[in-house]
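Here is the structure we will look at, set down as structure tokens.
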Amino acid sequence: MDKLLINGGPALEGEVRASGAKNAALPILAATLLADGPVTLTNVPRLCDVNTTMRLLGSMGAHLSRGEDGRISVEPRTLTSFVAPYKLVKTMRASILVLGPLVARYGQADVSLPGGCAIGARPVNLHIDGLRAMGAEISVDGGYIRARAQRLKGTRLVMELVSVTGTENLMMAATLAEGETLIENAAHEPEVVDLANFLNAMGAHITGAGTDQIRIQGVERLDGAEYRVMPDRIETGTFLVGAAMTGGHIRVNETRPDCLDAVLQKLCEAGASISTGPDWIELDMHGRRPRAVDIHTAPYPAFPTDMQAQFCALNAIAKGVGVVAETIFENRFMHVPELQRMGADIRVEGNLAICHGVAGLTAAPVMATDLRASAGLVLAGLVASGETLIDRIYHLDRGYETMEEKLLTLGARIQRIVGNGATPML
Ligand code: EPZ
């Protein structure tokens, strides 16, 4: 099991490029199942979750190939199976995203229930209820969602909760349904918009993506298409927080400043100077220690839950007290005990983490528990005195493309210890 060894201290300086967005690439790859033609995707990040999705589509009979430049070609017309097996789904719950496309295109799907994960129970009732409302017969037994349908019928869907992949699954299903579907209380996330843009590039008729009302006119078929995946706003935000924590000065290129308003606002509150261009964001902390900020996670465009752990790390070494409220997931503070091992003064009370900033953290062996928690631990390691060893970084590899290489170019002292490599004494 790989580990990361970080010798904290240097301020992050320089430029880095944002990779393609994991949370856009995954639904877009699932959406290729809807196409009646070959699809070429570019700017797809090299991530474990992307590899898992490619394996899943391949296991169903689709033909996929990956080029050197982040390009993935998909031939979905060779599909022979409509089953998403437990052995794959258990490693990546976003596999649920094949459910809508399979039912819409082939009238059948047997998808393993994704089950919970470290950050919460993460039910999929909204996905199932929405497909039932569109006419699918769905039973749940033996740990599988078994869906059958003639042609789905468009209808008005009012989402009880704002759900990103719930919105995505139902939007994909509606593209081939008979008639019009209206999704109310839809998720506004930029990745939902990116998926809608890809579906429209294939010939879908979707309007309103990015608002809480998405309207989809069903069509008979969708063509293949070429599409470039949007940049990753959470990866971008993670590097910006690293620069703010280390008192550095960085520029993130090939990114989308317009998708990070809530995060940039909090970084300014923390004392950073921020400038932006059409596809870049520059942060200068002028060697200063950040001020603590209060965070309240909520659906887009409010502050993203996927940036919560990173700001707990920032508040851990900031001046003052920052209160972090996590309103989306019920167990998303597992980075806190690990930060406490490094000397952080953070108290969790229900869905609040009260962070009293300390002047500095000290290195310690810590363990990653989920994707964004591991990002928070990396950031803490960048400022901790001494060598921090982070275990179970396969969590990190799910959502960050070559993170240690990018941090090295920014001046961090970081190295990956592969497998059972010798672990240096701390
Ligand atoms: C997406 O997960 C993202 N994953 C998550 O990113 C992100 O944290 C989350 O949205 C919130 O922004 C992908 O896009 C692949 P939800 P998703 O459905 O769609 C409840 C990362 O780190 N809910 O928006 O699974 C749910 O329990 C990952 O990249 C139901 O109750 O999240 C949660 O409390 C982590 N029933 C809330 O809604 C349902 O059927 C929002 O979840 C669906 C969701």
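Every number for a ligand or one of its atoms is a count from 1 in the order of the listing. On a predicted model such as this, the values are computed, not experimentally measured, just so you know.
Under the 3.5 Å distance criterion, with hydrogens and angles disregarded, a donor-acceptor pair is assigned to the side chains of Tyr227 and Asp194. A donor-acceptor pair shorter than 3.5 Å cannot be found between the side chains of Glu226 and Thr42.
The closest side-chain heavy-atom distance from Ile145 to Ile96 is below 4.5 Å.
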Could you give the side-chain donor-acceptor pairs of residues 21-41 under 3.5 Å, partners two or more places apart or in another chain?
from, atom 1, to, atom 2, distance (Å)
Thr32, OG1, Leu29, O, 2.5
Asp36, OD2, Arg221, NE, 3.1
Asp36, OD2, Arg221, NH2, 3.1

So what's ligand 1 close to, N/O to N/O, under 3.5 Å?
from, atom 1, to, atom 2, distance (Å)
ligand 1, 2 (O), Arg122, NH2, 3.2
ligand 1, 6 (O), Asn23, ND2, 3.3
ligand 1, 6 (O), Asp306, OD2, 3.1
ligand 1, 8 (O), Asp306, OD1, 2.6
ligand 1, 8 (O), Asp306, OD2, 3.4
ligand 1, 8 (O), Arg332, NH1, 3.4
ligand 1, 18 (O), Ser163, OG, 2.7
ligand 1, 19 (O), Thr165, N, 2.8
ligand 1, 19 (O), Thr165, OG1, 2.6
ligand 1, 22 (O), Arg332, NH2, 3.3
ligand 1, 22 (O), Arg372, NE, 2.9
ligand 1, 24 (O), Val164, N, 2.8
ligand 1, 25 (O), Arg93, NH1, 3.2
ligand 1, 25 (O), Arg122, NH2, 3.0
ligand 1, 29 (O), Lys22, NZ, 2.9
ligand 1, 29 (O), Asn23, ND2, 3.0
ligand 1, 29 (O), Arg372, NH2, 2.9
ligand 1, 34 (O), Ile328, O, 2.7
ligand 1, 36 (N), Pro123, O, 3.4
ligand 1, 36 (N), Asn125, OD1, 2.8
ligand 1, 40 (O), Pro123, O, 3.3
ligand 1, 40 (O), Asn125, N, 3.1
ligand 1, 40 (O), Asn125, OD1, 3.3
ligand 1, 40 (O), Leu126, N, 2.8

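Under the rule for a salt bridge (Lys or Arg N to Asp or Glu O under 4.0 Å), the partners of Glu178 that lie at least two apart in sequence or sit in another chain are Lys153. Partners of Glu191 according to the salt bridge (Lys or Arg N to Asp or Glu O under 4.0 Å) rule, which considers only residues two or more places apart in sequence or in another chain, are Arg233.
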